[in-house]
Amino acid sequence: MRTYRELFRAPEFTALFATVSVQVAAQTVSGIALATLVYGATGSPLLSALSMFGASFAQVVGAATLLSFADRLPPRAALAGLALFTALTTALLAVPGLPVGAVLGVVLVQGLVASIGGGVRFGLLSEIVSSEGYLLGRSLLNMSVGAMQIAGFAGGGLLLAVATPSAVLLGGAGLSLLAAIVARLGLSARPARTSGRASVRATWRGNRELLSSPARRAVYIGLWVPNGLIVGCEALFVPYSPQAAGALFVAAAMGMLAGDAFAGRLLPARWRRPLTTPVQLLLAVPYLAFALHPPLWAAAGLAAVASVGYCGSLLLQDRLVELTPPELRGHSLGLHSSGMFTMQAVGATVAGAVAQLMPAGRAMAVMAVASIAVSLLLARAYRAPVTTSPAVSPSPAASRT
């Protein structure tokens with residue numbers, strides 16, 4: 001597969017694309033509404049960041065306990081069920097007067113249940129498209145994330161100007177319900193990808209096998225840490241500009257959209273590895289200027305340019321697929337997704353804590369310096385030659401159906 005048109009001709013890709021797109025819009029609208037609600041109630045950058053990204057903290061628990069479910073659940077039922085659960089819990093967050101502690105508790109439960117979602121979605125994608133079309137498919141899904149974030153942040157910002165955060169949260173719950181309906185009606189009833197019983201032990205076994213390879217470990221660190229630190233910068237958009245944070249989120253989403261389009265559709269395969277470190281540096285360097293507290297128009301431009309660098313994750317995901325045996329692919333992609341969300345939560349929390357001690361713009365610059373340092377340390381590992389995926393002896397619990 002070489003074109004987006006060919007992707008949409010693949011059976012079920014359109015339904016998966018629609019499910020992911022609507023769910024991202026729901027999460028975006030809900031996230032900005034919840035962050036605004038908590039910041040208005042507490043005035044705390046840290047609690048605001050935790051409310052928006054705290055669900056990702058539970059991803060590390062899910063990665064350690066639940067990832068074996070990613071290959072052992074029927075994909076359609078799993079995706080529809082996850083979206084329905086998100087709808088119900090988001091509606092709970094809209095209850096007036098809910099204590100901040102209860103809000104954060106619900107957010108953490110959402111993250112724990114959602115920890116298997118990445119493995120289910122991206123494992124299903126690997127079945128729907130050929131292995132050669134996986135990067136293009138991930139590129140298009142990432143572009144849908146950018147587009148839906150633009151729509152979600154813009155729509156959420158407009159709604160917050162005329163409605164209460166609780167009302168906007170109910171709108172986000174309705175979008176999650178729509179995603180559940182699309183998944184249930186649009187996807188085929190496929191069997192689970194792997195037989196055997198899902199368990200904590202099976203999850204640990206798969207994680208050990210995946211992290212036993214130095215090449216895969218470097219890729220996972222590159223997928224998790226530099227991006228997570230920059231998400232910490234984005235978590236400070238509300239404290240940086242409380243009245244116009246939506247504009248900064250939209251600008252960042254537009255940059256991410258442009259980067260994914262470039263990496264998935266235009267970048268030749270031979271340039272993917274050489275450009276990984278430069279684009280990850282691009283992700284961080286523009287945020288150094290936030291220490292000077294630029295005006296809104298300049299801040300939005302810097303956020304857009306920086307977010308082009310998110311396409312480095314797409315390049316690393318392609319490498320991860322190369323390095324992973326097929327019988328662990330769903331588990332591997334789920335581990336990437338859970339680790340990514342966890343590090344986003346860590347980055348948001350660290351950024352919020354730093355912003356308690358200094359202005360938000362300077363805190364962003366601190367996070368950018370840390371991201372640059374990690375990307376430079378990983379540059380040598382990325383240059384190592386790609387070898388055939390190491391032989392992994394699948395346990396009975398990890399065998400294919």
Side-chain angles (χ1 to χ4, degrees), residues 20 23-24 26-28 30-32 34-35 38 45-64 67 86 104 107-119 121-122 141-142 145-146 148-149 152-153 219-240 245 248-249 252-253 255-256 259-260 280 283-284 287 303 306-307 309-314 316-317 320 333-355 360 363-364 366-368 370-372 374-375 378:
V20 172
Q23 190 63 62
V24 169
Q27 292 169 349
T28 304
S30 301
I32 191 172
L34 190 59
V38 172
L46 175 59
L47 291 177
S48 175
L50 280 174
S51 68
M52 192 167 189
F53 296 99
S56 302
F57 265 126
Q59 296 272 354
V60 69
V61 179
L67 272 183
T86 301
L104 295 180
V107 166
L108 290 175
V109 172
Q110 283 183 328
L112 179 63
V113 174
S115 62
I116 65 172
R121 283 191 300 271
F122 304 135
L141 289 180
N142 285 2
V145 170
M148 290 300 102
Q149 286 182 342
F153 284 129
V219 171
Y220 277 125
I221 293 171
L223 284 165
W224 295 339
V225 180
N227 292 15
L229 293 168
I230 298 306
V231 168
C233 296
E234 296 179 1
L236 297 178
F237 283 168
V238 172
Y240 183 86
L248 295 176
F249 281 119
M256 185 177 69
D260 286 331
Q280 287 198 302
L283 181 62
Y287 282 104
S307 294
Y310 277 121
C311 71
S313 289
L314 193 61
L316 287 173
Q317 288 168 40
L320 180 62
L333 295 169
L335 182 61
H336 146 58
S337 180
S338 294
M340 176 186 69
F341 285 122
T342 298
M343 288 309 303
Q344 286 178 358
V346 170
T349 303
V350 172
V354 173
M364 291 181 189
V366 170
M367 302 300 291
S371 180
I372 290 169
V374 174
S375 295
L378 289 170

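Small disclaimer: the values here were computed from a predicted structure and weren't measured.
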- Do Trp224 and Leu335 have side chains that get closer than 4.5 Å, going by heavy atoms?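 They are in side-chain contact.
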- Query: Tell me, do Asn227 and Leu223 make a side-chain contact under 4.5 Å, heavy atoms counted?
  - Reply: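 The answer is no, as the side chains (C-beta and beyond) never meet within the 4.5 Å cut-off.
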- Task: Decide yes or no on side-chain contact (heavy atoms from CB on, under 4.5 Å) for Phe122 and Val20, but give the supporting numbers first.
- Result: CA-CA 10 Å; Phe122 304 135; Val20 172; over 6 Å; no
- Query: To the nearest 0.5 Å, what is the distance between CD1 (Ile116) and CZ (Arg121)?
  - Reply: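 It is 10.0 Å, given to the nearest 0.5 Å.
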- Message: Any non-hydrogen side-chain atom of Tyr310 less than 4.5 Å from a side-chain atom of Val231?
- Response: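 Yes, at least one pair of side-chain atoms sits under 4.5 Å.
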- Item | Matching residue for Tyr220 among Val225, Leu320, Leu316 - test: side-chain contact (heavy atoms from CB on, under 4.5 Å) |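 That would be Leu320; it is the only one of Val225, Leu320, Leu316 passing the side-chain contact (heavy atoms from CB on, under 4.5 Å) with Tyr220.
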- Closest heavy-atom pair and its distance - Cys233, Ala368: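 Of all heavy-atom pairs spanning Cys233 and Ala368, the closest is SG-N, 4.3 Å.
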- Shortest non-hydrogen separation from Val374 to Pro226 and the atoms involved: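 The pair with the smallest heavy-atom distance is CG1-CG, 3.9 Å.
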- Message: Testing the basics here: between Ser48 and Val38, what is the closest heavy-atom pair and its distance to 0.1 Å?
- Response: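 Smallest interatomic distance, heavy atoms only, reads N-CG1, 4.0 Å.
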- Does the side chain of Leu104 come within less than 4.5 Å of Leu47's, by heavy atoms?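 Of all side-chain heavy-atom pairs linking Leu104 with Leu47, at least one is under 4.5 Å.
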- Query: Ala235 and Ala348: which non-hydrogen atoms are nearest, and at how many Å?
  - Reply: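 Nearest heavy atoms, Ala235 then Ala348: CB-CB, 3.7 Å.
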- Distance from Ile221 atom CD1 to Ser375 atom OG, nearest 0.5 Å?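 Answer rounded to 0.5 Å: 11.5 Å.
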- Where is the tightest heavy-atom contact between Val354 and Ala363, given as atom of each residue plus distance?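 Taking Val354 first and Ala363 second, the nearest heavy atoms are CG1-CB, 3.6 Å.
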- Query: Side chains of Val107 and Leu34: closer than 4.5 Å at any heavy-atom pair?
  - Reply: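 Val107 vs Leu34: side chains touch.
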- Exercise: identify the closest heavy-atom pair between Ser30 and Ala26: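 In this case the closest contact between Ser30 and Ala26 is OG-O, 2.8 Å.
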- Item | Audit row: Met367, Val350, side-chain contact (heavy atoms from CB on, under 4.5 Å) steps and yes/no | CA-CA 8 Å; Met367 302 300 291; Val350 172; 3.9 Å; yes
- Query: Any side-chain heavy-atom pair from Ser307 and Glu234 closer than 4.5 angstrom?
  - Reply: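 A side-chain contact under 4.5 Å exists here.
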- Query: With side chains defined as the heavy atoms from C-beta onward, is the minimum distance between Leu229 and Met343 less than 4.5 Å?
  - Reply: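 No; the side chains remain at least 4.5 Å from each other.
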